[in-house]
Colleague: 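Below you'll find the structure I mean.
Chain A is the first sequence line, chain B the second, and so forth, proteins listed ahead of strands; every chain is numbered from 1. No hydrogens, no waters, no symmetry mates; every other heavy atom, side chains included, goes into these values.
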Amino acid sequence: MRIHVTVNGSEHDVETEANMTLLDFLRDGLRLTGTKECCAVGECGACTVLVDGRAVNSCLMLTAESDGGEVTTIEGLAAGGKLSVLQDAFLASGAVQCGFCIPGQVVAAHHLLARNPHPTLDEVKEGLSGNLCRCGGYMQICAAVVAAGRANR
Amino acid sequence: MITEPIGAAVRRGGGVARVTGDQQFIADIRLDRMLHVKLVHIDCGHARIVSIDTSAAQAARGVVGVFTAADLPSPMPRFGPVYSDRPILAIGATKYHGQPVGAVVAETKEAAEAAAELIRVEHEVLPGVYSIEAALDPKSPLVQEPDLRPDDPRRDTNVLNELHFGWGDVDHAKADIVVDNVYEFPMVTHFAIEPHAFIAAPEDDGVVVWTPTQNPFQMQRIIAQVLGLPVAKVRVRAPDPGGAFGGKQHPKYEPLVALLALRTGRPVRLLLTLEETFQEVRRTSCRIRARTGFQSDGTISFQDIESDFLMGAYADIAERVIAKSNYLACGPYRVPAARVVVRALFSHTTPSTAFRGFGTPQVSWAHESQLDDAAWRSGIDRVEIRLRNLARKGEPFVPGDTPADGDWAESVRKAADAIGWGTPLAKGRGRGLAVAVKASATTGASYSIVRLHWDGSATVLAGTSDMGQGARTVLAQVAAHELGIPVEWVSVVMGDTAAVPFDLQTSASRSTVFMGQAVADACHDIKAQLEQMASELGLEAGVSLVEVLRARFGEVRGEVIGVGSKRSEHLADHPLGGAPSFYEFSCSASEVEVDEGTGDILLVRHVTVADVGKALNPQHVAMQDEGAAVMGLGHTLMEHIVLDDAGRIRNLGALDYRIPTTKDLPLEMHSMTVENADGPGPYGSKGAGEGGLMATAPAVASAVTEATGVVIRDLPLTPERVWTEIQRSRGKDGPTS
Ligand code: FES
Ligand code: FES
C-alpha cells in the first residue's frame, strides 16, 4: 500500500508491505539506523520513536499506521547538528555506556520533558521504566533527564 | 594550560555518536549485494536428527543456498576457545535448545525467514541432561561424544574436569562452630541490549568478519584455523559492542558466517533475535556445598567446599570460569586450611560462557552467606566477623600466590559507614554487607601503537573493545597525560585486526592495567625519540613537543611512532597458568524493607565500594560499578532461566525474562572507591567494572535475613520464594542478631 509520512521533517510518499513495522521501514527503508532493535516485542524501548508527539515502540507499530503522520527519530533531535540540552546532559552525567539503548532512552526522555518540563527523579523513573539499559546506567540516565529539566527552566 | 586528564571526569569517547544515533553497530552496517542468513533450529534440547528436507526451501524465492552439516566440510570443523568441541552446525544430533541444524542464505531477511520455515527436520527427541543431578547420574546419556577426548579417563561421564585446590589439613582443623550449607545459583543470561550480530564478506584472497566481539584476535585465530587460512588473511572488524558482559567474548557463529561468505562469494549477514541470543550464551549455574569451621571468636579455621557447576553442551570458556572463581572459593580471607573440589559438568543446555564476575558472584554467594551464618550463631557482628578474617595488605591469602594487594578492611569500613551499619533500623528492615574478590588477568599480552602527528595530536591504536566500559576514554586520557597534550587531541582506533596491533582480549577488567600500560609505554617510546631529536637539533631542554616536531619535520611533515607492550607470561606450574596481576576487590552493602505479606523486597539503600587503586576517570568507574550493581540486582531478585522437561527455555525473550528497570532501582544508590595507588596499572590503577555485582546477592540476602529472620540459600530472591520461606519459618527460631 501507498502511504505518506513525514520523518524528521522530510516527507515520504512510499509503497510499503502491509506487515512492515515502522521500525523496519525506518531502519531498512530510510536507513535511519539510530533507532535500534532488541526485543522486537515491545518490552525494551530500544526502538522508541515519536509518532505525532506520542512515544511508541516502533517494533510494534505497522508503517501503515503512521500514514499521514509525523515521525521523529533520534536523528531528528540534534537540530542543525547541535546536541540538545538533553543529549548534552546524557554525556555530562555519564549516562552513556555501550550506547545501544541510548537513542531509545533519549527519545523517551525527550517525550517525557515535552509533557513535563521539570520532572522529579521519581517521575523520570516512572517515565523511563519501559526503556531497558543492561549496562545499568539508570541512575545516571535519570539524573541526566532531571538535570536537563532544570537547565530548561 | 592543559587540564590534567588523569582523575578527571573526561566525557565518554564516542559519546556524541551514541546520543545522536550515529554510532554504527553491526546491524546498522549495510554492504552492497549483502545476503541474509536465518538459522534453523528444532524445538527441544536433545534430539537425534533423522533427516533434513531442504528441497522446498531451496526452491523458494530469493534463496541463494541452504546449508546443513552435509554441506560443510567433513569431518565437521569444530572450534572453541580452549577445546575444539563445538561444530559449526549440529551434526547427527542437537545438544541444546536452539542449536542450529541449518542455515538459509537469501537475498532478503524476509526470504531467509520464510524459507527457514519450509525446512523439515525429522528428529527423535532424546532424554537429556538438564540438571546437576542428571549430569552426575551415571545412567544419564552422555552429552559429549567420548571420541572428542579419547585419552580422558572421564570421557564416559558428563564430567569435563574435576578441579582440586587447597592447602593445610582440613580434616584435623579444630573448630568451635561448623556451618554446613548448600547454595544454589541459577542460570541467567547476559541480555546485552544489542542482540548478537555478524557479517562476513570475501576480501581479496581471504575473508573479513564483522562481529561485536570482545576478543578480535582470538576470533581471528579461530576463524583462520577453521578455514585453514593464514591469520593475515582473516580480518576481524569489531565495532564497539552494544553491551557484551562476557557474552561476546568467544566465537559462536562467526566461523559459520565466514564459511557462508566464502561459499556464496558475497557478503552475508546474520542478525540473531534476542531469543536466539538467549539460546547462545548464559552464566554457569551451580550448587555449592560449603562446610566452614570457625573458632569461637569468629576466625575461620577451615573451608571445605565441594561444588558442581553446570556448563552447557560445549565447553566454551566455562572450565576456565570454574577454575578461576573456585581458586578463590574461600574469598578474600585468611583461611588456615582449605579444600575445594569442583566439577565442571556438561549438560544439554546453552553453552555457558564468560559473564561479568567470571564465577565470582557464584562463589561469593556461598562464602559470604557462610560468614553470616556463623555470625548469627555466635552473636558476632557481621561486619566484625569479616574484619577479623580479611587478609591484610601484603598477606598471601592463597599460599604462594600474589598477596592481598589492597587495604580491603578500608573498603568494608567505608561501605559499613555509608549504609549506617549499627544505627537503629525501622521495623521490617534489615541490612547486609558482603565482599568478593576476583583474580584478575593472569597471563596476557597487549600491544599498542601511538602515532604522534606533526601538529602534536595523537592517534592511539589499541585492540581493546569498548563495549561500554569506556576504554576509549581512559586510553585517550593515558596518552594525553603521557604526551602532555589535551585529551581532545587524541583519537583512539580500535576494533580492526588489520589496523591495530595484537591484544589478547578485553576481559577480566584487564584493559586499563594491560592496555593502559602498553599505551603509556608507547608514549614513553615517543618521548625518548623526541628527546633524541631535540638533542640532535640542538634545541634547548624544555621546548614544547610541537616545536620539536616542527623543527624536525618542517614542510615535508611526518610523524613519530611509538610502540608499547605489556606482557605477562604463562607459568606452567601455576594452577591458573599465571599469578593474578591484581585482585578486583569489592564490598556491597544494602538496606532492605521486606513486605511480609507479599515477599516483596524494597531496596532502601545500596552502596558499593571498589578498590580501584586509582580511578583514572571517576565518572566512568561510577557508571561501571553502579551499572554492575544494577545487573547484580537482576540475578539477586528476579532473573533465572527456566527449562522444561524437554530442555526448552520456557522464559525465552523479554516478555518472560525480566531484568531490572528504573523501577527496580534502590531508592538510594552510591558507589565509592578506595584509592591507594597500589595497583600495577598506570598511576597505581587496578581494573574495575565487574566488582559491583560480585557481592550483591549475599549483601541483599543478609539484609533480608535481618529483616525477616529467614535464611534463603537459593537465588533469585523472588517475592514468591521470600514469602514461602517466611511462611515456612513461622513458629521456628530465626537467626538472632
Ligand atoms: S525492540 Fe521494540 S520494544 Fe524492544
Ligand atoms: S548503555 Fe548499554 S544498554 Fe544502555
Side-chain angles (χ1 to χ4, degrees), chain A residues 17 19 24 27-28 31-46 73-78 81 83-84 86-88 90-107 124-142, chain B residues 9 11-12 14-25 27-30 109-110 190-195 240-245 271 273-275 466-470 619-620 622-624 626-634 653-655 659-665 669 671 692-693:
Chain A
E17 304 278 325
N19 61 356
D24 283 347
R27 288 182 52 83
D28 299 336
R31 301 279 162 97
L32 291 171
T33 55
T35 307
K36 303 300 176 199
E37 174 166 352
C38 166
C39 71
V41 293
E43 287 291 312
C44 75
T73 69
I74 185 71
E75 288 90 346
L77 294 187
L83 294 186
S84 68
L86 176 65
Q87 287 167 320
D88 190 66
F90 265 67
L91 296 177
S93 304
V96 180
Q97 297 190 44
C98 78
F100 200 83
C101 74
I102 296 296
Q105 305 274 7
V106 171
V107 173
V124 175
K125 285 185 183 175
E126 184 64 38
L128 294 186
S129 64
N131 289 79
L132 298 178
C133 175
R134 188 55 151 173
C135 295
Y138 296 130
M139 301 286 290
Q140 289 80 3
I141 290 170
C142 293
Chain B
R11 284 190 177 197
R12 197 202 188 310
V16 171
R18 284 166 168 81
V19 296
T20 55
D22 288 345
Q23 177 77 18
Q24 293 264 295
F25 297 94
D28 304 330
I29 297 170
R30 295 285 187 289
K109 185 173 82 171
E110 293 71 28
H190 301 66
F191 205 139
I193 302 299
E194 177 197 29
D240 294 1
F245 316 113
L271 305 185
T273 62
L274 182 65
E275 289 77 6
D466 191 338
M467 54 209 187
Q469 84 281 37
Q619 189 182 60
H620 278 42
M623 69 196 199
Q624 279 288 291
E626 289 170 24
V630 170
M631 184 176 252
L633 291 176
L655 285 170
I659 61 172
T661 70
T662 50
K663 289 199 167 174
D664 301 298
L665 284 181
M669 184 155 86
S671 63
L693 60 51

Colleague: Under the side-chain hydrogen bond (donor to acceptor under 3.5 Å, both in side chains) test, which residues partner B:E194, sequence neighbours left out?
Modeller: B:K248

Colleague: With only heavy atoms counted, which part of A:S93 is less than 4.5 Å from chain B, the side chain, the backbone, both or neither?
Modeller: backbone

Colleague: Return yes if some donor-acceptor pair links the side-chain N/O of B:R18 with the main-chain N/O of A:F100 below 3.5 Å, else return no.
Modeller: no

Colleague: Check whether any side-chain heavy atom of B:P660 sits under 4.5 Å from a side-chain heavy atom of A:R134, and report yes or no.
Modeller: yes

Colleague: I'd like to check A:S129 versus B:K663 (side-chain heavy atoms, cut-off strictly below 4.5 Å). Are they in contact?
Modeller: yes

Colleague: Identify the heavy atoms of B:R12 and A:V96 that sit nearest to each other, and give their distance.
Modeller: CD-O, 2.9 Å

Colleague: Go through the steps to decide whether B:T20 and A:E75 satisfy the test side chain to side chain contact (heavy atoms under 4.5 Å, CB included), and finish with yes or no.
Modeller: CA-CA 6 Å; B:T20 55; A:E75 288 90 346; over 6 Å; no

Colleague: Could you give me the CA-CA distance, side-chain angles and deciding distance for B:Q469 and A:Q97, then say whether side chain to side chain donor-acceptor pair (under 3.5 Å) is met?
Modeller: CA-CA 6 Å; B:Q469 84 281 37; A:Q97 297 190 44; over 6 Å; no

Colleague: So, for A:E43 and B:A654, which heavy atoms are closest and what is the spacing to 0.1 Å?
Modeller: CB-CB, 3.6 Å

Colleague: Only counting residues at least two apart or in another chain, list the ones meeting ring-ring contact (aromatic ring centres under 6.0 Å, His included) with A:Y138.
Modeller: none

Colleague: Does B:F191 reach the side chain of A:C44, with side-chain heavy atoms less than 4.5 Å apart?
Modeller: no

Colleague: So, B:R11 and A:D88, do they make that salt bridge, N to O below 4.0 Å?
Modeller: yes

Colleague: What are the two closest non-hydrogen atoms of B:G243 and A:C98, and how far apart are they?
Modeller: N-CB, 3.2 Å

Colleague: Side chain, backbone, both or neither: which part of A:L91 has a heavy atom under 4.5 Å from chain B?
Modeller: both

Colleague: Could you tell me which non-hydrogen atom of A:P103 sits nearest to which non-hydrogen atom of B:G21, and how far apart they are?
Modeller: CG-CA, 4.3 Å

Colleague: Is it the case that the side chain of B:Q619 and the backbone of A:A92 share a donor-acceptor pair, with hydrogens and angles ignored and the cut-off at 3.5 Å?
Modeller: yes

Colleague: In terms of heavy-atom proximity below 4.5 Å to chain B, should A:D24 be classed as side chain, backbone, both, or neither?
Modeller: side chain

Colleague: Quick test of your reading of the model: are B:D28 and A:R27 salt-bridged, counting only N-O distances below 4.0 Å?
Modeller: yes

Colleague: Grab the two heavy atoms, one from B:I193 and one from A:A46, that are nearest each other, plus how far apart they are.
Modeller: CG2-CB, 4.3 Å

Colleague: Are any of the side-chain heavy atoms of B:V19 and A:L83 separated by less than 4.5 Å?
Modeller: yes

